[in-house]
Chemist: 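Got a structure for you, written out below as structure tokens; questions coming shortly.
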Amino acid sequence: MSRNAEVAALLDEMADRLEATGVEYKPRAYRQAADNIRGHTVAVGTLAAEETVDEIDRVGDAIAAKVVEYIETGEIEELEALREELPVDIDAVTRVEGVGPKTAADLYEALGVETLDDLEAAAEAGEIQEVKGFGPKTEQNILGNIDFARESHERELLGEAQPLADRVLAHLRDHDAVEAVDTAGSLRRWRPTVGDVDILAASDDGEAVVEHFTDFEATVIEAGTSKASLRANGMRVDLRVVVPSEWGAALQYFSGSRDHNIVVRNRAIERDLKVNEYGVFDISDVDDPDAGQRVGERVAGETEQSMYAALDLPLVPPELREDRGEIEAAANDDLPALVTEDDLRGDLHLHTDASDGDGTVAEMIEGAARRGYDYLAVTDHATGPGMVGGVGVDDDALLELAERVRTAAADTDLTVFTGVEANIGADGTVSVADDVLAELDCVVASPHVSLDSDGTDRLLAAVEHPEVNVLGHPTGRLLNRREGLDVDMEAVAAAAAANDTALEINANPHRLDLRGGYVKQAIEAGATIVIDTDAHAASNLSFARFGVHTARRGWAEADDVLNTRDADAVADFLGL
DNA sequence: GCCGTTTTCGGCCCGACTGTTTTCAGTCG
């Protein structure tokens, strides 16, 4: 298992515990380091061995030493001491809305609360309202939020949150008072998972919009005059309504990320400007810039573009707003022209009822045609490591399937490539005989077993295999379920570039593998990316949307992506 | 604890909201 997420969680816990004890500034340093370790594309285990942990942004000597200590001993001594000092399940207790680290510490000191059960018991017994600084309302809020805290310890999949957001957006657009509406937050940045669904609307009549919002089929959590929250499909949906003149400022502000906005604000300060959710303000002639939210001359705010323009920047696409160098690139007029869904002309990884898919070859061709594609590759599962229950197709049957695909191809204008999804074994071998692979147009090779180790050598072997064209879902991760392989992406991408093997962004919402960070690294190393849906039914071809936005998070341009090319160029890439 | 076209010390984004208080602390995004 990649241990980056594990290490990041511990550093976040350190941040919470330091904050609980009233330490200033350090918590933020730990949280930023944790975020960057979580998003780093090289495994911390590898970095620890090479003594280069501090190459990660915002990780200095002290945190690097703690990471190495954890890798080597399985513990961080200082964290153990903090746990002993405050023996509270701080992760669980702070999951209750309104309860943060300091509240957790206060309730431990006063009432000995260590767990969610303790917290609930204390609230039910009326003990919390007796604690200094607490009152009956706080106690009731805690009680009301405990159940949800118990259920919700996973983030929501983008692939589930976005369709819900689409329905909410459509519902809001139906109302005459709504002048503009969009998603915000991590959903607008198309992160693979999101905490909640953030919606922003522009209107001069906030109350009417909120009221209409609460008509959406869902449970109302709270509803005020300009914001409201619902619970729908187990997800929290937050709406904010702003006046149209402040739409751009609010959209920029609420889209984040927090770190991106910090860089934006710092750039504003350098220019004697102030950025907030109401606009950009010129504070060069203002005595006290902190006197209010709308101090100074307002120079931007109606559109997002105006916000960035006021800072001498072009609009930064939301997918890039992660503080990964996008402001610097924007300042140098060096932002990528990101790939779009319209650029896609085909799909090179999908399944039929020959293996575990639901659709026939003809149905999948029809589905691709409906999307306006020029080509597709039929890549059913081969037998081999990870294929259980007779799902995989054996070598002889693969050749028969290829023949059927060629027959079906004669009835369509689309180019239909024969193919296979072969399995990469733990030792890097590919599960189909070379002479069979040689008969097929498009060979996808994917790891399906031993996904909890370092996979670099296996993936290198697959990438260098002369018959392999696409490395499918390279890390094998499953969101919320399994971290997937640790991979030295620079090495794999360099080998992929040298061997004309495309690296896949698997657009299945449970995978989104490669993720954005790896995509960026792969492109920088010269590799070709391919955006595939791994569709197991024609309807799954619509997953392409999530793959495209993942590619955009990896700064991918159309030229970086194999399946933006025409069928002849793809055939050429496949060596046909 | 981290960081630097205010560089090796002295700062660290900004504001709304809530509930508890009489001026503010904590949480959230």
Chemist: How many Å lie between CG on Asp16(A) and P on dT27(B), as a whole number?
Modeler: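 It works out to 9 Å between those atoms.
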Chemist: At under 4.0 Å, does any side-chain N or O of Arg28(A) touch on OP1 or OP2 of dC13(B)?
Modeler: yes
Chemist: What is the distance, to the nearest angstrom, from the CD atom on Gln140(A) to the P atom on dG19(B)?
Modeler: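 Answer to the nearest Å: 11 Å.
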Chemist: Could you tell me how far dG10(B) sits from dT6(B) if I compare only their C1' atoms? Round to whole Å.
Modeler: 11 Å
Chemist: Answer with yes or no whether the side chains of Asp454(A) and Thr456(A) bring together a donor and an acceptor at under 3.5 Å.
Modeler: yes
Chemist: Send over the distance from Asn36(A) CG to dC3(B) C1', rounded to a whole Å.
Modeler: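 Computing the Asn36(A):CG to dC3(B):C1' distance gives 13 Å.
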Chemist: If you assign Thr138(A) and Arg58(A) each to the DNA chain B nucleotide with the nearest heavy atom, which residue ends up on the more 5' nucleotide?
Modeler: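 On the 5' side of the pair lies Arg58(A).
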Chemist: Taking atom C1' of dC2(B) as reference, at what distance in whole Å does atom CD1 of Ile262(A) sit?
Modeler: 13 Å
Chemist: Both Lys137(A) and Asn261(A) contact DNA chain B. Taking the nearest nucleotide for each, which residue is further toward the 5' end?
Modeler: Asn261(A)
Chemist: Once you apply a heavy-atom cut-off of 4.0 Å, does Val264(A) come out as touching a base, just sugar-phosphate, or nothing?
Modeler: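 It contacts nothing in the nucleic acid.
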Chemist: Quick one: which of dC3(B), dG15(B), dC13(B) gets closest to the side chain of Asp57(A)?
Modeler: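 Shortest atom-to-atom distance from the side chain points to dC3(B).
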Chemist: Does Asp174(A) have more than 12 heavy atoms from other residues, nucleotides or ligands lying within 6.0 Å of its CG?
Modeler: yes
Chemist: Would you say the side-chain atoms of Glu51(A) pair up with the backbone N or O of Leu47(A), donor to acceptor, closer than 3.5 Å?
Modeler: no
Chemist: If I pick the P atom on dA16(B) and the same atom on dG11(B), what distance separates them, to the nearest angstrom?
Modeler: 26 Å
Chemist: Using only atom types and a distance under 3.5 Å, with no angle test, would you say the side chain of Thr94(A) pairs donor to acceptor with the backbone of Val99(A)?
Modeler: no
Chemist: Is Asp282(A) paired with Arg271(A) through a side-chain N to carboxylate O contact shorter than 4.0 Å?
Modeler: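 No, Arg271(A) and Asp282(A) are not salt-bridged.
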Chemist: C1' atom, dG26(B) versus dT21(B): distance in rounded Å?
Modeler: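 It works out to 13 Å between them.
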Chemist: Roughly, in whole Å, what's the span from CD1 in Ile56(A) to P in dC3(B)?
Modeler: 11 Å
Chemist: Under 3.5 Å for both donor-acceptor distances, Watson-Crick or wobble: does dG10(B) have a partner, and if so which one?
Modeler: dC3(B)
Chemist: Using the P atom in both, what is the distance from dC13(B) to dG4(B), to the nearest Å?
Modeler: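 It comes out at 14 Å once rounded to the nearest Å.
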Chemist: How far, in whole Å, is dC28(B) from dT20(B) if one measures between their P atoms?
Modeler: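 dT20(B) and dC28(B) have their P atoms separated by 16 Å.
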Chemist: Would you mind reading off the distance between Arg31(A) atom CZ and dG1(B) atom C1', rounded to a whole angstrom?
Modeler: 13 Å
Chemist: By centroid distance (under 5.5 Å) and plane angle (under 30°), are Tyr25(A) and dC12(B) in a stacked arrangement?
Modeler: yes
Chemist: So what does Leu18(A) touch, heavy atoms closer than 4.0 Å: a base, only the sugar-phosphate, or nothing?
Modeler: nothing
Chemist: On the nucleotide dG1(B), are OP1 or OP2 found under 4.0 Å from the side-chain N or O atoms that Tyr30(A) carries?
Modeler: yes
Chemist: Taking only side-chain nitrogens and oxygens of Asn141(A), does any of them come within less than 4.0 Å of OP1 or OP2 of dG19(B)?
Modeler: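 It does, given that an N or O in the side chain of Asn141(A) lies less than 4.0 Å from OP1 or OP2 of dG19(B).
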Chemist: Hey, does the side chain of Lys66(A) come within less than 4.0 Å of dG1(B)'s phosphate (OP1/OP2), counting only N and O?
Modeler: yes
Chemist: Whole-Å distance between dG1(B) P and Leu10(A) CG?
Modeler: 16 Å
Chemist: With a 4.0 Å cut-off on N to O distance, would you call Glu304(A) and Arg188(A) a salt bridge?
Modeler: yes
Chemist: At under 4.0 Å between heavy atoms, what does Arg265(A) touch on the DNA or RNA strands: base, sugar-phosphate, or nothing?
Modeler: base
Chemist: Give a yes or no on whether a salt bridge exists between Arg83(A) and Glu80(A), defined as a side-chain N under 4.0 angstrom from a carboxylate O.
Modeler: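 Glu80(A) and Arg83(A): salt-bridged.
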Chemist: Just to confirm, is there a sub-4.0 Å distance from OP1 or OP2 of dG15(B) to any side-chain nitrogen or oxygen of Lys274(A)?
Modeler: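 Checking Lys274(A) against dG15(B): at least one side-chain N or O falls below 4.0 Å of OP1 or OP2.
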Chemist: Tell me what Asp238(A) touches on the nucleic acid: a base, only sugar-phosphate, or nothing, going by heavy atoms under 4.0 Å.
Modeler: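 Result for Asp238(A) = nothing.
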Chemist: Without swapping roles, check the side chain of Arg173(A) against the backbone of Val178(A) for a donor-acceptor pair under 3.5 Å.
Modeler: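 Between the backbone of Val178(A) and the side chain of Arg173(A) there is no qualifying donor-acceptor contact (under 3.5 Å).
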Chemist: For dC17(B) versus dT22(B), give the span between their P atoms, rounded off to a whole number of Å.
Modeler: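 Each nucleotide's P atom is 23 Å from the other's.
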Chemist: Under a 4.0 Å threshold between the charged nitrogen and the carboxylate oxygen, would Arg31(A) count as salt-bridged to Glu19(A)?
Modeler: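 Salt bridge between Glu19(A) and Arg31(A), a charged N being under 4.0 Å from a carboxylate O: yes.
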Chemist: Any base atoms under 4.0 Å from Val96(A), or only sugar-phosphate, or nothing? Heavy atoms, all strands.
Modeler: sugar-phosphate
Chemist: So what does Gln32(A) hit on the nucleic acid, given a heavy-atom distance under 4.0 Å: a base, only sugar-phosphate, or nothing?
Modeler: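 No contact at all - Gln32(A) keeps every heavy atom at 4.0 Å or more from the nucleic acid.
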Chemist: Considering only side-chain heavy atoms of Glu97(A), which listed nucleotide, dC28(B), dG1(B), dG15(B), is closest?
Modeler: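 Minimum distance to the Glu97(A) side chain belongs to dC28(B).
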Chemist: Rounded to whole Å, please give me the gap between CZ in Phe254(A) and C1' in dC14(B).
Modeler: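 After rounding, the reported distance stands at 11 Å.
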Chemist: Verify whether one side chain among Asp89(A) and Thr115(A) offers a donor that lies under 3.5 Å from an acceptor in the other.
Modeler: no
Chemist: Using the 3.5 Å cut-off, write out each protein N or O paired with an N or O of nucleotides 21-26 of chain B and the distance between them.
Modeler:
{"from": "dG26(B)", "atom 1": "O3'", "to": "Thr103(A)", "atom 2": "OG1", "distance (Å)": "3.2"}

